[in-house]
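I have placed the structure first, in the form of structure tokens, so that the comments after it can refer back to it.
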Amino acid sequence: MKQDIFQAIADPTRRAILTLLAIQALTPNVIAKKFDMTRQAVSKHIKVLHECDLVKPEQSGREIYYHFNPKKMQEFDHWLAQFRQNWETQFNQLDQLLSTIKTKEE
């Protein structure tokens, strides 16, 4: 079953794993050492991240290194951009209203 990117990044552990992988490619064993969990638990998290294309595996000898996939996150960021503009407009309007109220009180 293909995972949804929202489900993947909803979990704080998976977000932390993405942060680590954004810095450098790591094996599941190395990732597990950075958390208080087993390699099997890390593998389950990686599986979810891989199913929604947030990480990409690369075989190197007997090890599999997982790399962060910035293109997938960029797709997500582009989707969020439409909302970001709306939020910024609403916050700017709120700032103006609050400034007006403050000026009237003074």
Roughly how far, to the nearest 0.5 Å, is the [atom2] atom of [Y] from the [atom1] atom of [X]?
{"X": "L94", "Y": "Q96", "atom1": "CG", "atom2": "CD", "value": "10.0 Å"}
{"X": "R14", "Y": "K47", "atom1": "CZ", "atom2": "NZ", "value": "12.0 Å"}
{"X": "K56", "Y": "H50", "atom1": "NZ", "atom2": "NE2", "value": "6.0 Å"}
{"X": "T100", "Y": "K102", "atom1": "OG1", "atom2": "NZ", "value": "12.0 Å"}
{"X": "N29", "Y": "T38", "atom1": "CG", "atom2": "OG1", "value": "10.5 Å"}
{"X": "L54", "Y": "F76", "atom1": "CG", "atom2": "CZ", "value": "9.0 Å"}

Using a 3.5 Å distance criterion without hydrogens, assess whether the side chain of [X] forms a donor-acceptor pair with backbone atoms of [Y].
{"X": "Q59", "Y": "G61", "result": "yes"}
{"X": "Q82", "Y": "W79", "result": "yes"}
{"X": "D77", "Y": "M73", "result": "no"}
{"X": "S60", "Y": "E63", "result": "no"}
{"X": "N69", "Y": "D53", "result": "yes"}
{"X": "R39", "Y": "A32", "result": "no"}

For atom CG of N86, is the number of surrounding heavy atoms from other residues, nucleotides or ligands below 6.0 Å larger than 12?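 Atom CG in N86 is crowded, with more than 12 foreign heavy atoms closer than 6.0 Å.
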Determine whether more than 12 heavy atoms belonging to other residues, nucleotides or ligands lie under 6.0 Å from atom CZ of F91.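 Atom CZ in F91 is not crowded, with 12 or fewer foreign heavy atoms closer than 6.0 Å.
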Hydrophobic cluster identity match, [X] and [Y], side-chain contacts under 4.5 Å:
{"X": "I31", "Y": "Y65", "result": "no"}
{"X": "I64", "Y": "L18", "result": "yes"}
{"X": "L49", "Y": "F35", "result": "yes"}
{"X": "F83", "Y": "I9", "result": "yes"}
{"X": "L21", "Y": "I46", "result": "yes"}

[X] versus [Y]: any side-chain heavy-atom pair under 4.5 Å?
{"X": "E105", "Y": "I101", "result": "yes"}
{"X": "E88", "Y": "R84", "result": "yes"}
{"X": "Y66", "Y": "V42", "result": "no"}

Let me see the working for R15 and T19 under side chain to side chain donor-acceptor pair (under 3.5 Å), right down to the final yes or no. CA-CA 6 Å; R15 289 193 307 265; T19 301; over 6 Å; no
Hey, is K72 close enough to E75 for a salt bridge, meaning N to O under 4.0 Å?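 Judged by the 4.0 Å cut-off on N to carboxylate O distance, K72 and E75 do form a salt bridge.
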